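Here is the naming used below: chain letters follow the sequence lines, and residue numbers restart at 1 for every chain. All values derive from a computational prediction rather than experimental measurement.
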Amino acid sequence: MNKNRTWCFPPVIPRHLHISQTRSFAATLVEHRTLHNPQPPQHHHPFQIDGSKLESQKNHHNQRENRSIPFSQAQSPRQLLISLIKSTTQKTHLLPIHAHILRTSLIQDHSVSLQFLSRAALSPVRDLGYSRLFFSQIPEPNVLQYNTMIRAYSMSDSPEEGVYMYREMRRRGLCPDPVSSSFALRSCIRVSSLEGGIQVHGRVLRDGHQSDSLLMTTLMDLYSCCERFPEARKLFDDIPRKDTVAWNVLISCFLRNKRTRDAISLFDIMQSETYACEPDDVTCLLMLQACANLNALEFGERVHGYMEEHGYSGARNLCNTLISMYSRCGSLDKAYGVFKGMRDKNVISWSAMISGFAINGYGREAIDAFEEMQRMGVQPDAQTFTGVLSACSHCGLVDEGMMFFDRMSKDFRIEPNIHHYGCVVDLLGRAGMLDRAYQLILSMNIKPDSTIWRTLLGACKIHGNVNLGERVVGHLIELKAAEAGDYVLLLNIYSSVGNWEKVKEVRKLMKEKAIQTTPGCSTIELKGIVHEFVSDDVSHQRKDEVYMMLDEINSQLKIAGYEVEISSELHNLGAEEKEYVLSYHSEKLAIAFGILATPPGTTIRVAKNLRICVDCHNFAKVLSWAYNREVIIRDRTRFHHFRDGHCSCNDYW
DNA sequence: CTAGGGTTAG
């Protein structure tokens, strides 16, 4: 309870403190405490008026002579020195104490030096060089003092020093306790050193600390950060009594390893009778992230409900995650509802809302929100601009986008990062200004990454620019980052201009390099369960019905005027073959399943891992009109809201 | 005589 109590002002520290003076100093502190203790009540509280600190300090000293200190509250000078150290917040206040400790040999007092060390090494002072100096003056540092140093290093810019100190304490014959190992592991995680972590793990086992659940969760974190999920899982299974945090760590392991569906399933498993573990706010946060990845709107709503029941729905970080989840699930109105209901919106809230508008195709609203946030006195940061610029690129607002890009560094002093450049390249590329986009990439003072080249390649595909497309693929190959999708894009560029020779060449190249194409995969959620389809999928339990339904839809849509779009996704197959391949794209299977399994009129929400193709885009457009269904498809980069034969996006027509 | 450790937002 008293942990949070702080002094109203930092006690004045005498320049040259001698041990004889410590007593009066101590008396000051005791008095200080009695003054601020609500019991017994003071008839006159000197600190109630703001800005009168100096004045009250004077009163305080004047009153000292008259005020008697109750004997029971008097403490030893040593303990008071510790309290004094604990209450310091600045390095300048530590210096005279340091001198005093050295002069009086109190440095040998482990408790005193530990307190001093943790003040100097951890926040708010956090001076590593200084604490290192102090540490070297301690004659025989003990485990706790080492731990403090390791902890400080693990949070610093040179975490590897933490591991070094961990080894050093062993050399000095000290046996690290679980806490030492846990801090050393943090250091390993920071530098993602799996070998270092495994060594610490080995020591942990030899020291017999394998039943320490806090240490085990840190180890899980290590393995999951180093992409060793099975090891992390094994550790979790061996924890005898798993608390909520242990579950949370497991969930975050699943999320980090892209096993989103498994992460979601843990929400119910942890609450089951076997484990009887209550999800907390962090669990909810992780669940919402999982929902956003999976487009699992219904499950997200369930988590939202759980949050409301358990009183977490007011937390700002959770609301921000809710905004992101709802908008990334294509439910912009719900996202906006949460946003509007928030009392204290920060940059993150505003940016989340702006990005939400952006991916759902509401460019104007995104820009309005950007203006509004500044009126509310919230300063945009780098990520806010990512949202604004992507809004402009998705909605084809070229002039506005360029203006924001310009103002970003000029008015807001934010240097463009790779994401900003990516948005602008996309913006220029879509608008057909391919050369300008190319020049922009060449002029960046950051090294272009594969994503940015891929963006330009996509624009080359839209505008059928063979020359630049080839150059861009060259850059990707140079970066050793060329993926299957890039070759497919190049292939499509060639076929869109009918260059079959080149198409053949690329195909051969892909075969030689044994490049595996990523299978298209679409998901649709029904009653909280996420169903997954890949092209030509035959694994779904209702596949026969789904295929039959798809055939029926195809014949209905043909009547409505839909034609299989052959010209742009041309591979040099026969026309019939082409039609066959295209008709079982994963998103079509998912949509067919949606029509099959939901009552008429229900909105169909599908998420796809790749970009939607022109044919499927047409398919969805006609279907939204013919079947009178709203269809919302989330592809790799954005949402397509289909209604009455139209789409919210301007990518295809 | 007591000290210190785990998950988490756009």
Can you check the [X] [atom1] to [N] [atom2] distance for me, whole Å?
{"X": "A:Asn142", "N": "B:dC1", "atom1": "CG", "atom2": "P", "result": "15 Å"}
{"X": "A:Asp177", "N": "B:dT2", "atom1": "CG", "atom2": "P", "result": "15 Å"}
{"X": "A:Asp109", "N": "B:dT2", "atom1": "CG", "atom2": "C1'", "result": "12 Å"}
{"X": "A:Leu185", "N": "B:dG5", "atom1": "CG", "atom2": "C1'", "result": "11 Å"}

State plainly whether the residues [X] and [Y] are in salt-bridge range, i.e. N to O under 4.0 Å.
{"X": "A:Asp237", "Y": "A:Arg233", "result": "yes"}
{"X": "A:Arg186", "Y": "A:Asp221", "result": "yes"}
{"X": "A:Asp635", "Y": "A:Arg611", "result": "yes"}
{"X": "A:Glu140", "Y": "A:Arg172", "result": "no"}
{"X": "A:Arg375", "Y": "A:Glu372", "result": "yes"}

* When you look at A:Asp212 and A:His209, which way does the side-chain hydrogen bond (donor to acceptor under 3.5 Å, both in side chains) test go after all the steps? -> CA-CA 6 Å; A:Asp212 188 313; A:His209 294 148; over 6 Å; no

Protein-nucleotides 6-10 of chain B N/O pairs closer than 3.5 Å?
{"unit_1": "B:dG6", "atom_1": "O3'", "unit_2": "A:Arg186", "atom_2": "NH2", "d": "3.2"}
{"unit_1": "B:dG6", "atom_1": "N1", "unit_2": "A:Asp243", "atom_2": "OD2", "d": "3.0"}
{"unit_1": "B:dG6", "atom_1": "N2", "unit_2": "A:Asp243", "atom_2": "OD1", "d": "3.2"}
{"unit_1": "B:dG6", "atom_1": "N3", "unit_2": "A:Thr217", "atom_2": "OG1", "d": "3.0"}
{"unit_1": "B:dT7", "atom_1": "O2", "unit_2": "A:Asn248", "atom_2": "ND2", "d": "2.5"}
{"unit_1": "B:dT8", "atom_1": "OP1", "unit_2": "A:Arg256", "atom_2": "NH2", "d": "3.3"}
{"unit_1": "B:dA9", "atom_1": "N3", "unit_2": "A:Asn320", "atom_2": "ND2", "d": "3.2"}
{"unit_1": "B:dG10", "atom_1": "O6", "unit_2": "A:Gln383", "atom_2": "NE2", "d": "3.0"}
{"unit_1": "B:dG10", "atom_1": "N1", "unit_2": "A:Asp381", "atom_2": "OD2", "d": "3.0"}
{"unit_1": "B:dG10", "atom_1": "N2", "unit_2": "A:Ser351", "atom_2": "OG", "d": "2.5"}
{"unit_1": "B:dG10", "atom_1": "N2", "unit_2": "A:Asp381", "atom_2": "OD1", "d": "2.9"}
{"unit_1": "B:dG10", "atom_1": "N2", "unit_2": "A:Asp381", "atom_2": "OD2", "d": "3.2"}

